[in-house]
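Working notes for the structure below.
Order of listing sets the numbers, starting from 1, for every ligand and every atom in it.
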Amino acid sequence: MQVDIGNALAAEADPGISRDALARLDEDVARAHDRIATGRAGEEFGYAALNLPERTDAAEIEATVEPLSDAEAILTVGIGGSALGAATISEALGGLDTEGKAADAAPLYVLDNVDPAHVREILTEVPLDRTAVNVVSRSGTTAETLSNFLVVREAMEAAGVDWTERTVVTTGEAGPLRELADRHDMPALDVPTGVPGRFSALSAVGLVPAAIQGHDIEGLLAGGQRAAESLAPSLFDCPAYAYGAVSYGVAQRGADINAVVPYAERLEFFAEWFAQLWAESLGKDGLGQTPARALGATDQHSQLQLYRAGPRDKLVTMVRPRERADRTIPETDIEGLSYLGGSTLGDLLDAEFEATEASLAAADRPSVRVEIDRLDAECVGELLYAMEAACVLYGELANVSTFDQPAVEWGKRAARGLLGGGEFEEAAAVADKTELVVE
Ligand SMILES: O=P(O)(O)OC[C@H]1O[C@](O)(CO)[C@@H](O)[C@@H]1O
């Protein structure tokens, strides 16, 4: 993996960070690296996430899911970090390899919302008697996850399917899901202690579907370990820290938004995973950098207008695999289009990537290039780990509480109160809404 921060330097962009300021910031990076190393060594809450490539037991995961390896579909029931890591990994590894060979993996369906129409559509689509249900919740009490699981279980019972034979649970040491797994002697894996959900992709939380699909989860962990071993006391020696430090540096100078633009369809979930990681970790005390999700080349025909000519409040993070399965564009005699013929779609995508990067630079808009070799297990594991380490570094530099998420609890209590799940003052506040209705 490599990170090119050249187009975020003050000589190229506004907001941008000067080489001198970057050198000064590197002193803080060294201190932050030591703090991170200490936190990892002590398995401190949150920092422990950066030990997962060494902690996660791939063999245990593979053995646990082996009885479900015949599944023709996988249904992950979770939300936030309990769904996005799994979705990101399975999507990234589910395509053609660079030789064009299909992954031949059972499709993954993700229930991470309680839209009843969508839940009904999924339950109509999956073959319930040949589906592996992967229910994931650290707390085991998340309303959306447990509600969806109860609906899925009812649908399986109605179809005459023994759901206890088709379900693997990943949860914390205690709670309703753990009790359910124990009561029915179901396969269960642990959510790693000391690791917030959004940092748990390289654990059973993110790896169960990939293991059922037959993907190389040892390779994912090896890639994560490669990124772990790249952590160094200088941003100039560590791609992850270079990304985290420059993101922080330009945010300090006005880039309040970080638009993540993967130039690969199979990294679309990665942008969504990154959005939770960045927002839930760094959005504290009035600080943070808002993640925006886009997709290259598609969003060059939409959001690029804003990125290039809108407010000077954005960093654009351009992500791509350097190698991919490709497809030749046929020769054509269509007037004005003959230049495309004989080229490939990959050449066009790369040209658009580089043209968009240059377009932003020509308008003095900061961008950072993040490149991995290809969408294989090691490179995906390395990318996920590097972004987690970048996020932890940014949190140290910003001096925020990276690993908690107190602001999301208010809404949970209000919703629970509205549903009669207890007396919560937040629910009463809902009734106090100021209305000005226009029809
Ligand atoms: O794994 P759980 O406990 O169901 O939580 C799911 C998600 O909800 C959050 O706790 C936020 O409410 C996320 O941090 C987490 O990834």
Give me the residue, atom name and distance of the protein heavy atom closest to [atom].
{"atom": "atom 7 (C) of ligand 1", "answer": "Ile79 O, 3.6 Å"}
{"atom": "atom 3 (O) of ligand 1", "answer": "Ser139 OG, 2.7 Å"}
{"atom": "atom 1 (O) of ligand 1", "answer": "Ser82 OG, 2.6 Å"}
{"atom": "atom 5 (O) of ligand 1", "answer": "Thr142 OG1, 3.6 Å"}
{"atom": "atom 15 (C) of ligand 1", "answer": "Gly81 N, 4.0 Å"}
{"atom": "atom 12 (O) of ligand 1", "answer": "Lys412 NZ, 2.6 Å"}

Are there over 12 heavy-atom neighbours, none belonging to Glu154, within less than 6.0 Å of that residue's CD?
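No.
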
Below 4.0 angstrom, N of the basic side chain to O of the carboxylate: do Arg31 and Asp28 qualify?
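Salt bridge: yes.
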
Between Arg266 and Glu91, does any side-chain N to carboxylate O distance fall below 4.0 Å?
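Glu91 and Arg266: not salt-bridged.
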
Do we get Arg413 above Phe424's six-membered ring, with its NZ or CZ under 6.0 Å from the centre and within 45° of the axis?
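Arg413 over Phe424 ring: no.
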
Those atoms of ligand 1 less than 4.0 Å from some heavy atom in [X]:
{"X": "Val408", "answer": "11 (C), 12 (O)"}
{"X": "Gln276", "answer": "13 (C), 14 (O), 16 (O)"}
{"X": "Glu280", "answer": "11 (C), 13 (C), 14 (O)"}

From Thr170, Leu108, Leu189, Val205, residue fulfilling side-chain contact (heavy atoms from CB on, under 4.5 Å) relative to Asn134:
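Going through the options one by one, the only one that passes is Thr170.
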
Ligand 1 to Glu409 polar contact by distance, N or O atoms, under 3.5 Å
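So ligand 1 has no N or O lying under 3.5 Å from an N or O of Glu409.
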
Under 3.5 Å: N/O of Ser137 near N/O of ligand 1:
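Yes - when backbone and side-chain N and O of Ser137 are compared with those of ligand 1, one distance drops under 3.5 Å.
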
Under 3.5 Å donor-acceptor, Asn148 side chain and Asn113 backbone
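Pair found, side chain donor or acceptor close to backbone of Asn113.
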
Pair Thr98, Glu323: side-chain N/O donor-acceptor within cut-off below 3.5 Å
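No.
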
Do the two ring centres, one from Tyr394 and one from Tyr243, sit under 6.0 Å apart?
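Centroid distance Tyr394-Tyr243: not below 6.0 Å, so no.
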
